[in-house]
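Have a look at the structure below before the remarks.
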Amino acid sequence: PASKPQATTTAVSPAASSATSSADSTEPVLRRGMEGDAVTRLQQRLQAIGVFSGSVDGVFGAETELSVQEAQRNFNLEPDGVVGPATWDALRP
């Protein structure tokens, strides 16, 4: 019986905060000059929504930054070129 309330609490807590904590815990804040798998995922999402036509190379360069800014404008976010939790949430399929 004691494990049932714990399971309910555990199930409800992540669901209630999934809009912010999922982005915080799974995707890092990205900005120009960074490289890696998260940048690759970012570039793939930007391609999927039609704002990035460059090569998916995992390098956050000028073209990726411009694409991020375009996506941010499309989602009514501050077009700062930095991919934080709000931008990740907007890019999720």
Side-chain angles (χ1 to χ4, degrees):
S3 63
K4 217 171 199 175
Q6 289 173 351
T8 302
T9 302
T10 305
V12 171
S13 182
S17 62
S18 65
T20 55
S21 67
S22 65
D24 292 344
S25 63
T26 59
E27 300 294 0
V29 173
L30 299 176
R31 57 182 42 92
R32 190 170 176 173
M34 299 178 87
E35 298 181 16
D37 292 341
V39 177
T40 300
R41 289 191 298 277
L42 169 66
Q43 291 171 328
Q44 290 168 337
R45 285 301 304 144
L46 293 170
Q47 271 190 342
I49 65 170
V51 297
F52 181 69
S53 59
S55 61
V56 175
D57 58 6
V59 178
F60 197 135
E63 190 172 359
T64 301
E65 183 178 45
L66 290 171
S67 297
V68 167
Q69 290 170 331
E70 183 178 345
Q72 288 169 326
R73 282 190 291 275
N74 292 346
F75 293 118
N76 296 314
L77 298 171
E78 178 66 32
D80 59 5
V82 177
V83 184
T87 301
W88 277 119
D89 285 345
L91 290 172
R92 292 194 196 292

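Only a predicted model underlies this, so the values are computations on that prediction, with no experimental measurement involved.
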Atom pairs and distances, side-chain donor-acceptor, residues 76-83, under 3.5 Å, sequence neighbours left out:
unit_1	atom_1	unit_2	atom_2	d
Asp80	OD1	Gln72	NE2	3.1
Asp80	OD1	Val82	N	3.0

CH2 of Trp88 to CZ of Arg41, rounded to nearest 0.5 Å, is 6.0 Å

* Do Val68 and Phe60 touch side chain to side chain, with heavy atoms closer than 4.5 Å? -> yes

With sequence neighbours left out, the residues meeting salt bridge (Lys or Arg N to Asp or Glu O under 4.0 Å) with Arg32 are Glu65

**Prompt:** Quick one: do Val29 and Val39 end up in the same hydrophobic cluster if we chain Ile, Leu, Val, Met, Phe, Trp and Tyr together by side-chain heavy atoms under 4.5 Å apart?
**Reply:** no

dist Gln69:CD -> Thr87:OG1 (nearest 0.5 Å) comes out at 10.5 Å

**Report entry** side-chain contact (heavy atoms from CB on, under 4.5 Å) between Glu70 and Leu66, worked out
**Finding:** CA-CA 6 Å; Glu70 183 178 345; Leu66 290 171; over 6 Å; no

Would you mind writing out the side-chain donor-acceptor pairs for residues 42-49 within the sub-3.5 Å range, not counting sequence neighbours?
unit_1	atom_1	unit_2	atom_2	d
Gln43	OE1	Asp57	N	3.0
Gln43	OE1	Gly58	N	2.9
Gln43	NE2	Asp57	OD1	3.1
Gln43	NE2	Val59	O	3.0
Gln43	NE2	Thr64	OG1	3.0
Arg45	NE	Leu91	O	2.6
Arg45	NH2	Leu91	O	2.8
Gln47	NE2	Gly54	O	3.0

